[in-house]
Amino acid sequence: MFNNLSDALANTFKTITGKSVLTENNVKEAMEQVRLALLSADVHYDTVNDFVGEVTRQCLGEKVLKSVKPSEQVVKVVHEELTRLMGTEEAEVDVSGKPAIIMMVGLHGAGKTTTCAKLANFYKNQKKKVLLAACDVYRPAAIDQLEALGESINVPVFSDRSTPDVVQIAQNAINTAKSEGQDIVILDMAGRLQIDQDMVQELIRVKERFQPGEILLTADAALGQEAVSVATHFDKALNISGIVLTKLDGDARGGAALSMRKVTGKPIKFITSGEKVTDLEKFRPEGMASRILGM
Amino acid sequence: SSVDKWDESTYRQLESALISADLGVSVTQKIIADIKESYSLGEIKTSEDIINIATTRINAILSSDNRPLNENPTGPTVLLMVGVNGAGKTTTTGKLAYKLKQDGKSVLLAACDTFRAAATEQLKHWGERIDVPVIAGKHGSDAAAIAYDACASAKAKDVDYLIIDTAGRQHTRQDLMQELPKILRVIRKNFPEAPHETILVVDGSTGTNALFQAREFGKACDVTSLAVTKLDGSGKGGVVVAIKDEHTFPIHFVGLGESPEDLQPFDPVLYAEAIFSKDSPVA
Ligand SMILES: Nc1nc2c(ncn2[C@@H]2O[C@H](COP(=O)(O)OP(=O)(O)OP(=O)(O)O)[C@@H](O)[C@H]2O)c(=O)[nH]1
Ligand SMILES: Nc1nc2c(ncn2[C@@H]2O[C@H](COP(=O)(O)OP(=O)(O)OP(=O)(O)O)[C@@H](O)[C@H]2O)c(=O)[nH]1
Ligand SMILES: [K+]
Ligand SMILES: [Mg+2]
Ligand SMILES: [Mg+2]
């Protein structure tokens, strides 16, 4: 197998004499390489098929057929199309509310709590006053975790260990933010399965009561084919405003990002690549396209 | 339905089912090649035959090298939990301790994640919940030192099991990976044969990256066992088939939730059948 799509494609287009030529036949072969590369990067099966269909059409068009270096041209078409699908411009983050409310949702262990602290730090550095709200009443020591993170960046944390009522906790946090003049409240919600009706209902109650400007689905970059079900369910229930892709310091290719983006149409807004509170960046589509292609 | 001829659509349906369960490209292609051969030998008449043969093949991969969890007959059995961030190590540690306790064993836990915020508190909560003692240190202190203390305490208390929870780390982070052999050395100072199992905890919703996790953790700390978590979710956890195809360590546990009782012994037959369960495009 080839490590790299470019190598695989270069090989596909080489004739026995070593010359690079393009025929309809080897475009098909090249597209099979593209397909396998995307599947190996964990892009969803159906998303891959749609993508390859589109790219094949483009490659059979004149641009590639007349190209002197067809493998490079195919890589270019694939890369551009992938970048286009990832979103062409940087997505805005809505922090206009008074206070602005950001709600973090996602599967267990995706990185929500850590990302809450990273976002708090990010906005603190933009001279915003931020309050973190500990809305995970389920996971052992979830509140301690957020409090410790808040302390490490000098951002206040609202918590209430006396009640399991998450809506009430969020309400009190938002009231506190209003009375103390905070600009942004970040709600750290517990991890949950997208198929867990009761737990998803809890999120819907919080959403309906407070209408957060941002509902960010936090997803692990190493997520497999399940990403489509996860993103679809959370989006249907909550109409999420965007996605945060985490743990990009690992070597997951992150194909899930493409599938989630495709099925929800929602932008990826941030990426994280480490456990430190500074390991957060705004999302850039070109970098992600290269990563998914293993280039 | 009957399979009259092996064509592109048969191939695609099977591929879709296997890839959608996260088996990954390479194992999927192997399994399809096998089935195609069965077809050419006339062993396949219906699409049920395809599922049966694929299930048998997956079952064979998953069952290979199966054995019970190692036990130390002369002293504490030491279990070391490792894996990437958020995979479910601490929760699996708690659940496993609960199970062993239910079996009448005495258990001690070691909180060797001194890195993540409130990791120690999380394991302590588990300890209180299931009434099992926890050896812990300060946030930011040396994890190996806590492992050392825990081994000494396990010896003194003569417990049946010592389970050591470690910090999550990406297998690509050499600096963080180097802590693992250090912990191993400290354990072996106390118990030369230990750890009796080094359990790699893999999130069942992970895609192909789990294969890289298994390779790198395998190199860094000689993984001997696998636990797959979060299978109560929609993921089929098929990547462990790819892991098993490449490695010899058995899968011992599957995690099915966040409560103490949500840990089950691994059953390759059930696991293989679940790969094709409900809305399987092949069925
Ligand atoms: N390497 C790495 N680790 C991360 C990143 N983001 C989060 N983590 C780690 O992933 C693990 C889980 O993170 P949490 O923030 O606790 O995840 P969560 O979604 O709040 O988890 P639950 O509340 O249990 O659902 C922790 O070990 C974090 O330190 C990242 O970008 N890179
Ligand atoms: N639904 C479900 N959730 C699980 C399971 N196992 C663990 N979790 C949840 O996943 C999240 C992360 O679990 P942890 O045990 O903290 O994971 P970890 O590997 O110790 O994480 P780090 O120490 O931060 O690397 C928590 O919210 C757990 O409750 C499982 O089998 N099913
Ligand atoms: K499942
Ligand atoms: Mg959390
Ligand atoms: Mg842990």
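This is a predicted model, so every value here is computed, not measured. Atom set for the values below is all heavy atoms of this structure, side chains included, hydrogens, waters and symmetry mates excluded. Protein chains get the first letters and strands the later ones, always in sequence-line order, with residue 1 at the start of each.
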Do [X] side-chain atoms and [Y] backbone N/O form a donor-acceptor pair below 3.5 Å?
| X | Y | value |
| --- | --- | --- |
| B/Ser234 | A/Val230 | no |
| A/Gln225 | B/Ala21 | no |
| B/Asp22 | A/Gly224 | no |

Heavy-atom proximity to chain B below 4.5 Å, by part of [X]:
| X | value |
| --- | --- |
| A/Glu147 | neither |
| A/Leu223 | both |
| A/Arg192 | neither |

Subject >> Nearest atoms (heavy-atom pairs only) where A/Ser40 meets B/Val25 >> reply: OG-CG2, 3.5 Å
Original post:
Please walk me through it: do A/Leu36 and B/Gln29 pass side-chain contact (heavy atoms from CB on, under 4.5 Å)?
Top reply: CA-CA 11 Å; A/Leu36 294 178; B/Gln29 288 182 338; 3.7 Å; yes
Does atom [atom1] of [X] have more than 12 heavy-atom neighbours, drawn from other residues, nucleotides or ligands, at distances under 6.0 Å?
| X | atom1 | answer |
| --- | --- | --- |
| B/Lys36 | NZ | no |
| A/Gln197 | CD | no |
| B/Gln102 | CD | yes |
| A/Lys266 | NZ | yes |

Highest number of heavy-atom pairs under 4.5 Å with chain B: which of [options]?
| options | result |
| --- | --- |
| A/Ala110, A/Ala221, A/Ala148, A/Ala141 | A/Ala141 |
| A/Gly250, A/Ala41, A/Gly109, A/Gly111 | A/Gly250 |
| A/Gln194, A/His233, A/Arg139 | A/Arg139 |

Original post:
Just how far is it from atom OG of B/Ser205 to atom CG of A/Leu193, taken to the nearest 0.5 Å?
Top reply: 9.0 Å
Subject >> Between OG1 on residue B/Thr206 and CG on residue A/Asp220, distance to nearest 0.5 Å >> reply: 6.5 Å
Original post:
With only heavy atoms counted, which part of B/Arg12 is less than 4.5 Å from chain A, the side chain, the backbone, both or neither?
Top reply: both
Subject >> Atom group of B/Gln122 that falls short of 4.5 Å from chain A, counting heavy atoms >> reply: both
**OP:** Please lay out, stage by stage, how B/Arg116 and A/Thr114 fare under the test side-chain contact (heavy atoms from CB on, under 4.5 Å).
**Re:** CA-CA 10 Å; B/Arg116 209 206 65 214; A/Thr114 313; 5.6 Å; no
Is the shortest heavy-atom distance from the side chain of [X] to the side chain of [Y] under 4.5 Å?
| X | Y | value |
| --- | --- | --- |
| A/Asp249 | B/Thr172 | no |
| B/Ile19 | A/His44 | no |
| B/Thr208 | A/Arg253 | no |

Subject >> Criterion side-chain contact (heavy atoms from CB on, under 4.5 Å) against A/Pro140, the qualifying member of B/Glu128, B/Glu258, B/Glu121, B/Arg129 >> reply: B/Arg129
Original post:
Could B/Arg173 and A/Glu275 be called an ion pair, given the rule that one side-chain N must be under 4.0 Å from one carboxylate O?
Top reply: no
Original post:
Could you go step by step and tell me if B/Asn209 and A/Asp42 meet the side chain to side chain donor-acceptor pair (under 3.5 Å) rule?
Top reply: CA-CA 9 Å; B/Asn209 194 246; A/Asp42 296 320; over 6 Å; no
Original post:
So, A/His108 versus B/Asp203: side-chain donor-acceptor pair below 3.5 Å or not?
Top reply: no
